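Note sheet for the following structure.
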Amino acid sequence: MASFAVDLHIHSCLSPCADDDMTPNNILGMAHLKGLDAVAITDHNAWQNLPAAAKAAERYGIVLLPGLEVTTREEVHMLCYFGEIEQAAAFGETVQKTLFLPGNKALFGNQLILDENDEVLGEIEPLLIQASSFGVEELLLLTQSCGGLCVPAHINKKANSMIANLGFLPLNQPYAAVEVFKKLPLEADTGGYLLLNSSDAHQLGEIAEREFFLRFEARSRESLFAYLSAHVR
């Protein structure tokens, strides 16, 4: 087992709340400069920048864990991780079919799909930061059916977290971990779940330094996903 520096919650310019310069190449380049071993790009209800990010990750020698940050019907944010981009894409297509509010660039920002050279391929039409139609338990089942893992996001935030929105953290669910936003204290009982510390970066400068570490077998996506899978209850 070895110790690897990770940041498993980063938004690209596909998320309307992220800066437009959060391109796949810029993200992976910054992760390389900061000495990270593995990152996850987890756009709001979207997967479409993962193929470009995977190519950038390969160039920089960084492990990319495919993911999405899905908003449940209760407005709870859940990180959904997958072993393969194809799984994340199938899952993301299902989620996006439940998004009905249109995007609004002037109010929320762009939702840009980029290629491996950071050229714009298009934009997502529905507003990506709206709630999906899936409740917390339904989303867990959908994620599992697509081969993925669920992690309640930033449980120490005052909004869009499981504790803030539901009033409690279920202690008997098959989550791979729970995530803590690094800039805030954690006061709740986490019930023994694996804790992930992440940046929730929306700007390049917010991406984590070499400050959060996980110990798994090898510097690979397969090993990282297997490590998280082993912590599912």
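Fair warning: this is a prediction, and the values are worked out from it, not measured in the lab. Residue indices begin at 1 and follow the sequence shown.
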Checklist entry - Between Tyr60 and His32, how do the two ring planes meet: parallel, tilted or perpendicular, split at 30° and 60°? => result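 Rings of Tyr60 and His32: tilted, as their planes differ by 30° to 60°.
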Item to check | Mutual orientation of the aromatic rings belonging to His9 and His154 [parallel < 30°, tilted 30-60°, perpendicular > 60°] | outcome: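 Plane angle under 30°, so parallel.
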Checklist entry - Between Thr72 and Ala131, which heavy-atom pair has the shortest distance, and what is it? => result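 For Thr72 versus Ala131, the nearest heavy atoms are O-CB, 3.3 Å.
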Item to check | Nearest heavy atoms of Gln87 and Phe82, plus distance in Å | outcome: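 Closest approach of Gln87 to Phe82, heavy atoms only: CB-CD2, 3.8 Å.
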Checklist entry - Going through the distances and angles, do Asn26 and Asp21 end up as a side-chain hydrogen bond (donor to acceptor under 3.5 Å, both in side chains)? => result CA-CA 7 Å; Asn26 284 349; Asp21 63 0; 5.5 Å; no
Checklist entry - With the threshold set at 4.0 Å, does a side-chain nitrogen-carboxylate oxygen contact exist between Asp7 and Lys34? => result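 No, no charged N to carboxylate O under 4.0 Å.
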Item to check | Test: Lys55 and Asp115 ion pair at under 4.0 Å | outcome: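 Looking at Lys55 and Asp115, the cut-off is not met.
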Checking side-chain polar atoms at under 3.5 Å, does [X] have a donor or acceptor matched by the opposite partner on [Y]?
X	Y	answer
Gln48	Gln96	yes
His11	Glu69	yes
Ser199	Glu206	no

Checklist entry - Can Ile10 and Ile27 be said to form a side-chain contact (heavy atoms from CB on, under 4.5 Å), step by step? => result CA-CA 8 Å; Ile10 299 174; Ile27 292 170; 3.9 Å; yes
Item to check | Check against side-chain contact (heavy atoms from CB on, under 4.5 Å), Thr71 and Ile129 | outcome: CA-CA 7 Å; Thr71 305; Ile129 56 172; 6.0 Å; no
Next on the checklist: Exactly one of Thr42, Asp19, Asp43 should register a side-chain hydrogen bond (donor to acceptor under 3.5 Å, both in side chains) with Ser12. Which one does?
Outcome noted: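 So, applying the side-chain hydrogen bond (donor to acceptor under 3.5 Å, both in side chains) to Ser12 and each of Thr42, Asp19, Asp43, only Asp43 qualifies.
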Next on the checklist: Any non-hydrogen side-chain atom of Leu127 less than 4.5 Å from a side-chain atom of Gln111?
Outcome noted: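 Side chain of Leu127 against side chain of Gln111, heavy atoms only: contact under 4.5 Å found.
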Checklist entry - Between Ile155 and Glu179, is any pair of side-chain heavy atoms under 4.5 Å apart? => result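 They are not in side-chain contact.
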Checklist entry - So, Gln173 side chain and Pro170 main chain: donor-acceptor pair closer than 3.5 Å or not? => result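 A pair under 3.5 Å: no.
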Checklist entry - Is Asn25 reaching over with its side chain to a backbone N or O of Glu116, donor-acceptor style, under 3.5 angstrom? => result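 Yes.
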